[in-house]
Amino acid sequence: MAHPLHSPILDWYAEHNRDLPWRRPEATPWGILVSEIMLQQTPVVRVLPIWEEWMTRWPTPEALAKEPPGEAVRNWGRLGYPRRALRLHACAKAITESWHGEVPSTYDDLRTLPGIGDYTAAAVASFAYGKSHAVLDTNVRRVLARTIRGEEYPPKATTTPEKRLAESLIPPIGAPRWAVAVMELGALVCTARSPRCADCPVSSRCAWLLAGKPAHDGPERKGQTYAGTDRQCRGRLLAVLRDAPGPVEKALLDAVWADAVQRERALDGLLADGLAELVDDDLYALPG
DNA sequence: GAGGCGTGGAC
DNA sequence: TGTCCAAGCCT
């Protein structure tokens, strides 16, 4: 069923899409899966160099599965949310051991892999295997909230109506291209702050624009503080382990965070998450 | 389902 | 040295 948004957005995408390596025809399902995990909550420009390094070093799931998980964490660099590196390593092992080294091709099978939730399973099934799914990421949710619902931002958590709306918009042919086109529009034009409505292919049909761009109405959108948090402390500690060639004395960890109580709590968290290991008395390392 | 989980660029 | 936020997932 053709929808009035289809042609303008698909035509816009044909003209304005970015040439990203994981979108090229030669990209493998593994490369696409790696890109999707790396792109979670992370800007494209920061992912690009790390993705290239990973693909050169670990072009297949088997190649990564042979490495200790700490190597995945080390080569994650400063992408953020390093548990993703651990989960990607676990994905590589599961794919190697349970899927004969082939990235599974269905949504349900992808969902069984660690770190792959609703969005990523739909994205990999669509972009790597051409399947038809509602690919509902933050960009798509924002575009639909504005164009269809006439609101500045979508709800905090994905709702059933949003899911049904996205499903109703899937074209019978070319679902993956439609998905990536809407995402790209959200990423480049219909951005969270300062949307470029003058450059938007559906500005004449956008319910939010037509309503005069009313400001977000509802509960405050949580702004996360970072300085002084356990998250920052974990990041400092892990950076020490990542940047050292081998195990490090605890004194080196103690040196990067003054508050001992918080520091111990953060270190315990890293150990519990499997991002760090105690290899000897007062000697810590990335997981081997 | 609310909260935890990194990092750095743009304002 | 503040706020927002960038292709989410897990508990």
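Atoms considered below: every heavy atom in the structure, side chains included; atoms not considered: hydrogens, waters and symmetry mates. The chains referred to below are lettered A, B, ... by the order of the sequence lines, with proteins before strands, and numbering in each begins at 1.
Looking at A/Thr229, its side chain has no donor and acceptor atom pair within 3.5 Å of the base of B/dG4. Not a single donor-acceptor contact under 3.5 angstrom links the side-chain atoms of A/Arg231 to the base of B/dG4.
The hydrophobic cluster containing A/Leu252, built from Ile/Leu/Val/Met/Phe/Trp/Tyr side-chain heavy atoms closer than 4.5 Å, also comprises A/Val73, A/Leu86, A/Leu237, A/Leu238, A/Val240, A/Leu241, A/Val248, A/Leu253, A/Val256, A/Leu267, A/Leu270, A/Leu271, A/Leu275, A/Leu278, A/Tyr284, A/Leu286.
Applying the ring-ring contact (aromatic ring centres under 6.0 Å, His included) criterion to A/Trp257, with sequence neighbours excluded, gives no partner residue.
For residues 248-262 of chain A, the salt bridge (Lys or Arg N to Asp or Glu O under 4.0 Å) pairs, not counting sequence neighbours, are A/Lys250-A/Asp254, A/Lys250-A/Glu264, A/Asp254-A/Arg263.
In terms of phosphate contacts, A/Tyr153 brings a side-chain nitrogen or oxygen within less than 4.0 Å of OP1 or OP2 of C/dC5. Listed pair A/Tyr81 / C/dG8 fails the phosphate criterion, with no side-chain N or O lying under 4.0 Å from OP1 or OP2.
Applying a 4.0 Å cut-off to non-hydrogen atoms, the residues of residues 102-121 of chain A that approach DNA chain C are A/Pro114, A/Gly115, A/Ile116, A/Gly117, A/Asp118, A/Tyr119, A/Thr120, listed by residue number. Within residues 245-269 of chain A, no residue approaches DNA chain B, by heavy-atom distance under 4.0 Å.
Within 4.0 Å of A/Trp76, counting heavy atoms only, lies no atom of the nucleic acid at all.
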Show the distances under 3.5 angstrom between N or O atoms of the protein and N or O atoms of nucleotides 9-11 of chain B.
none

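Nucleotides B/dA2 and C/dA7 are separated by 22 Å at their C1' atoms, to the nearest Å.
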